[in-house]
Chemist: 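I'd like to ask you about the structure that follows.
Just the heavy atoms: all of them, side chains too, but no hydrogens, waters or symmetry mates, feed the values below. For reference, positions follow the sequence shown, starting with 1. Counting starts at 1 for both ligands and their atoms, following the listed order.
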Amino acid sequence: VKLESILAAKGPQVITTGAGTSISDAIALLAHHNIGAVIVVDPAGAPSGILSERDIIRHLAASDAPAGATVGDWMTSPVTVATPADDVDAVLQTMTARRFRHVPVVERGRLLGMVTIGDLVKAERDDFQGAIESLESQLLDA
Ligand code: AMP
């Protein structure tokens with residue numbers, strides 16, 4: 001299974017912000033959209049970083065003041081991206097090894113969407129389920 005089939009099912013809507021956005025506005029954005037991370041894009045629209053709830057927790061735990069801080073101050077950069085042609089398997093392996101749950105999908109510098117570890121686990125599960133059902137029906141037909 002490729003990332004493009006997940007994006008096709010999920011739709012292209014992806015929440016982004018700029019590095020100059022205040023941390024309090026970014027927190028409001030995460031809460032409003034009920035999401036765990038926002039992709040930070042440069043003026044050309046290319047991803048330059050990612051701000052996840054983990055980054056916010058880490059900075060708060062270090063007693064960094066949110067007042068006056070911007071997304072650019074607290075984000076993780078560079079951000080690891082994938083392409084629509086990448087296999088779910090390979091991307092899941094990267095996410096597990098590097099311990100992150102979000103990957104922007106980019107083609108020729110253009111942001112196409114975002115996949116989460118939940119999207120990828122569901123796609124794998126559906127794929128395995130389909131394979132099991134087809135094997136079962138082949139056994140019954142034999
Ligand atoms: P997450 O598990 O995705 O909420 O993020 C855990 C940590 O990894 C946070 O510091 C994120 O900013 C960072 N992170 C999340 N996704 C990515 C990514 N695709 N590339 C690089 N860092 C990331």
Chemist: Return yes when atom CD of E124 has more than 12 non-hydrogen atoms of other residues, nucleotides or ligands closer than 6.0 Å, and no otherwise.
Modeler: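 Enclosed: over 12 neighbouring heavy atoms sit under 6.0 Å from CD of E124.
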Chemist: To which protein heavy atom is atom 21 (C) of ligand 1 closest, and what is the distance rounded to 0.1 Å?
Modeler: T80 N, 3.5 Å
Chemist: Out of all atoms in ligand 1, which are within 4.0 Å of some heavy atom of V79? Include the element for each.
Modeler: 18 (C), 19 (N), 20 (N), 21 (C)
Chemist: Decide yes or no for H33 and I15: does some side-chain heavy atom of the first lie under 4.5 Å from some side-chain heavy atom of the second?
Modeler: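 In contact.
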Chemist: For atom 16 (N) of ligand 1, what's the nearest protein heavy-atom neighbour? Residue, atom name and distance, please.
Modeler: H102 O, 3.1 Å
Chemist: Considering non-hydrogen atoms of the protein only, which is the closest contact for atom 2 (O) of ligand 1, and what is the distance?
Modeler: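 Nearest protein contact, heavy atoms only, for atom 2 (O) of ligand 1 is R101 NE, 2.7 Å.
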Chemist: Can you tell whether the side chains of R58 and D55 come within less than 4.0 Å, N to carboxylate O?
Modeler: yes
Chemist: Do the charged groups of D86 and K2 touch, with an N to O distance under 4.0 Å?
Modeler: no
Chemist: Can you check which of V115, T76, I35 brings a heavy atom nearest to atom 22 (N) of ligand 1?
Modeler: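 Among V115, T76, I35, the closest heavy atom to atom 22 (N) of ligand 1 comes from T76.
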Chemist: Indicate, with yes or no, if L3 and L111 share a hydrophobic cluster defined by side-chain heavy-atom contacts under 4.5 Å among Ile, Leu, Val, Met, Phe, Trp and Tyr.
Modeler: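 The answer is no; the residues belong to distinct hydrophobic clusters.
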Chemist: Quick test: of every protein heavy atom, which one is nearest to atom 14 (N) of ligand 1, and how far off is it to 0.1 Å?
Modeler: F100 CB, 3.6 Å
Chemist: Starting from atom 5 (O) of ligand 1, find the nearest protein heavy-atom neighbour and note its residue, name and distance.
Modeler: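 Result for atom 5 (O) of ligand 1: S52 OG, 3.4 Å.
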Chemist: To the closest 0.5 Å, what do you measure between NE2 (H102) and CE (M114)?
Modeler: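 One gets 5.0 Å once the value is rounded to the nearest 0.5 Å.
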Chemist: Among all protein heavy atoms in this structure, tell me which lies nearest to atom 12 (O) of ligand 1, with the distance rounded to 0.1 Å.
Modeler: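 For this ligand atom, the closest protein heavy atom is D55 OD2, 2.5 Å.
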Chemist: For ligand 1, find out whether one of its N or O atoms is nearer than 3.5 Å to an N or O atom of E53.
Modeler: no
Chemist: Is there at least one pair of N or O atoms, one from R54 and one from ligand 1, spaced under 3.5 Å apart?
Modeler: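 No, since none of the N or O atoms of R54 sits under 3.5 Å from an N or O of ligand 1.
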Chemist: Between I117 and V88, is there shared hydrophobic-cluster membership here, with clusters defined by ILVMFWY side-chain heavy atoms closer than 4.5 Å?
Modeler: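 Yes, same cluster.
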